[in-house]
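Heavy atoms only: backbone and side chains are in, while hydrogens, waters and symmetry mates are out. Here the structure is a predicted model, which means the values were calculated and not measured. Lettering of chains follows the sequences in order, A, B, ..., and the numbering in each one begins at 1.
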Protein chains: 2
Amino acid sequence: MIGKLDRSASREDRTAAILDAAWVLAGRDGVAGLTLRGLARELDLSQPSLYEYFESKHALYDALFADGNRQLLGRLENLRLPTDPRRAVKVVLRAFVEFALADEARRQLLFHRPIPGFVPSPESYAIAEAVLARGVDVLEAAGVDDPADVDCIIAMVAGLIDSQASNDPGGTRWTRHLDRLVDLYLDNPRKDAR
Amino acid sequence: MIGKLDRSASREDRTAAILDAAWVLAGRDGVAGLTLRGLARELDLSQPSLYEYFESKHALYDALFADGNRQLLGRLENLRLPTDPRRAVKVVLRAFVEFALADEARRQLLFHRPIPGFVPSPESYAIAEAVLARGVDVLEAAGVDDPADVDCIIAMVAGLIDSQASNDPGGTRWTRHLDRLVDLYLDNPRKDAR
DNA sequence: GTCTATACATCGATAGAC
DNA sequence: GTCTATCGATGTATAGAC
């Protein structure tokens, strides 16, 4: 039991409490292992009542997707960035990596497609795009003006995150190379424009 | 209908035919969308009869995992490698990338965990490790003697594959940078040993 | 809003006849 | 080996009482 749903709370707070419980269950049983019956049980709520908050299971996943991306966007926006653009890149990417690796279920839902048939709604996806835009901003400020170089850096970071999560969860075997690789990519743009 | 199971064939051949049909269905409906009923229907077989060939759905996934890795290992072993070690690295990694991107269902099953609760058996995983060992071999021949550098290159390749598959399936937006990035990594080992 | 109860679909898996 | 029949779980959705 995670905790009974507080009926005296506002609808907004109840919805948030449901999402929190869903994150806990997704962490315990996997994102795809989340069931409405199980979620309702943890909240001491009947399964049909969940439909008062989410019109379908996909809508619940969509709310989780949006919730996770909002967490990430908030984290990135609250960073105190160094004035040095290159150090700012490292701070932002490090925060991104740590966020992604802090919660396995969240990582899967936000950065992969663990639910067959589930595609985020345009509104939710817009939040994910705002996150990406934040990364592109700091990269451009650091002189990465070629979109191809942005692509390569994003892919490098994604590769580190996935390798870390898949092969050494909780460790630093891959993530410890982030700063060095950032320098490597920043020092070697596609067209050596010097 | 993919094709009736040939009852006069050997058990081995029948098992292989089931796996072939499973790949087709996984490609059509997604790895997680594969169902025993659907598979049996395509083979004109009853669903419980599949249990004569695989003791569980997980065992079927395990056989697919082993099958896909055997395909990849065979592909890598049959490559004609250039004598130049660096060019050999590029040929092997390029073959790896192309194999991964040639079949979306296979990519997901071999390189991710799309099925909650499914973990490859030690026997099947050994084949995947043999694939990895092949990559490590050519990298070492090209002078990559630091395991950390091997990790970074593998993660870079994985990042390119995932970005390509997720954001530009069928295209070359990320994979076109493979050779350049291989050079970048090979030219910049972790400890600049010059 | 929340509940009980229910309907209908899917799925993996098993029992037991042949 | 193959089949039919079945079980218990799931998700989706609805009806209707309170």
Side-chain angles (χ1 to χ4, degrees), chain A residues 1-19 21-22 25-26 28-65 109 113-119 121, chain B residues 1 3-19 21-22 25-26 28-65 105 109 113-119 121:
Chain A
M1 174 69 74
I2 292 165
K4 294 179 65 149
L5 191 61
D6 180 5
R7 262 71 167 190
S8 68
S10 68
R11 182 184 174 91
E12 190 177 328
D13 286 349
R14 276 174 289 159
T15 303
I18 293 172
L19 289 181
L25 282 192
R28 202 179 63 190
D29 307 325
V31 185
L34 185 63
T35 71
L36 294 182
R37 280 179 171 83
L39 179 57
R41 196 183 318 124
E42 293 298 326
L43 292 161
D44 199 25
L45 188 73
S46 74
Q47 173 252 326
S49 290
L50 285 173
Y51 282 80
E52 290 290 323
Y53 299 90
F54 304 99
E55 67 178 7
S56 69
K57 194 183 185 188
H58 273 19
L60 171 63
Y61 279 128
D62 195 56
L64 287 171
F65 181 86
L109 186 58
R113 289 291 126 82
I115 309 301
F118 165 62
V119 181
S121 64
Chain B
M1 175 70 76
K4 294 179 63 149
L5 191 60
D6 181 3
R7 261 72 168 191
S8 68
S10 68
R11 183 184 174 90
E12 190 178 329
D13 286 350
R14 274 174 292 159
T15 303
I18 293 173
L19 289 181
L25 283 191
R28 202 180 64 189
D29 307 324
V31 185
L34 183 63
T35 70
L36 294 181
R37 279 179 171 82
L39 179 56
R41 196 183 321 122
E42 293 298 327
L43 293 162
D44 198 26
L45 190 72
S46 75
Q47 174 250 326
S49 290
L50 285 173
Y51 283 79
E52 289 292 322
Y53 299 90
F54 304 97
E55 68 178 6
S56 69
K57 195 185 185 187
H58 274 18
L60 171 64
Y61 280 127
D62 195 55
L64 288 170
F65 180 87
L109 186 58
R113 290 291 126 82
I115 309 300
F118 165 61
V119 181
S121 64

Any donor-acceptor N/O pair, A/Arg14 side chain to A/Ala9 backbone, under 3.5 Å:
yes

Using a cut-off of 4.0 Å on non-hydrogen atoms, how would the nucleic acid contact of A/Leu50 be classed: base, sugar-phosphate, or nothing?
nothing

Let me know the distance between CD of B/Glu52 and C1' of C/dG16, rounded to the nearest Å.
13 Å

Looking only at side-chain N and O atoms, does B/Tyr51 come under 4.0 Å of OP1 or OP2 in C/dT14?
no

Hey, are the side chains of B/Phe54 and B/Leu39 touching, using non-hydrogen atoms and a 4.5 Å cut-off?
no

Do any N or O atoms from the side chain of B/Lys57 and from the backbone of B/Leu34 form a donor-acceptor pair under 3.5 angstrom?
yes

Spacing of A/Phe118 atom CZ relative to D/dG11 atom P, expressed in whole Å:
16 Å

Which atoms of nucleotides 3-6 of chain D (N or O only) lie under 3.5 Å from a protein N or O atom, and what are those distances?
residue	atom	partner	partner atom	Å
D/dC3	OP2	B/Ser46	N	2.7
D/dC3	OP2	B/Ser46	OG	2.8
D/dC3	OP2	B/Ser49	OG	2.9

Please indicate whether A/Gln47 has more than 12 foreign heavy atoms, meaning atoms of other residues, nucleotides or ligands, lying under 6.0 Å from its CD.
yes

Which whole-number value in Å describes the distance from B/Leu25 CG to C/dG12 P?
12 Å

Rounded to whole Å, CG of B/Leu34 lies from C1' of C/dT10 at a distance of 14 Å

Are OP1 or OP2 of C/dT2 and a side-chain N or O of A/Arg14 less than 4.0 angstrom apart?
yes

Between A/Ile115 (CD1) and D/dG11 (C1'), how many Å, whole number?
13 Å

Got a salt bridge between A/Glu42 and A/Arg28, using NZ or NE/NH1/NH2 to carboxylate O under 4.0 Å?
yes

Nearest-angstrom distance from the residue atom CG of B/Leu36 to C1' of C/dT10:
13 Å

Could you state the NZ-C1' distance from B/Lys57 to C/dG12, rounded to the nearest angstrom?
8 Å

Are any of A/Tyr53's side-chain N or O atoms less than 4.0 Å away from OP1 or OP2 of C/dG1?
no

Take the angle between the ring planes of A/Phe65 and A/Phe118 and call it parallel below 30°, perpendicular above 60°, tilted in between.
perpendicular

Measure from the side-chain N and O atoms of B/Thr15 to the backbone N and O of B/Arg11, and report whether any donor-acceptor pair falls under 3.5 Å.
yes

How close or far is atom P of C/dG12 from atom CZ of B/Phe54, stated in whole angstroms?
14 Å

At under 4.0 Å between heavy atoms, what does B/Leu39 touch on the DNA or RNA strands: base, sugar-phosphate, or nothing?
nothing

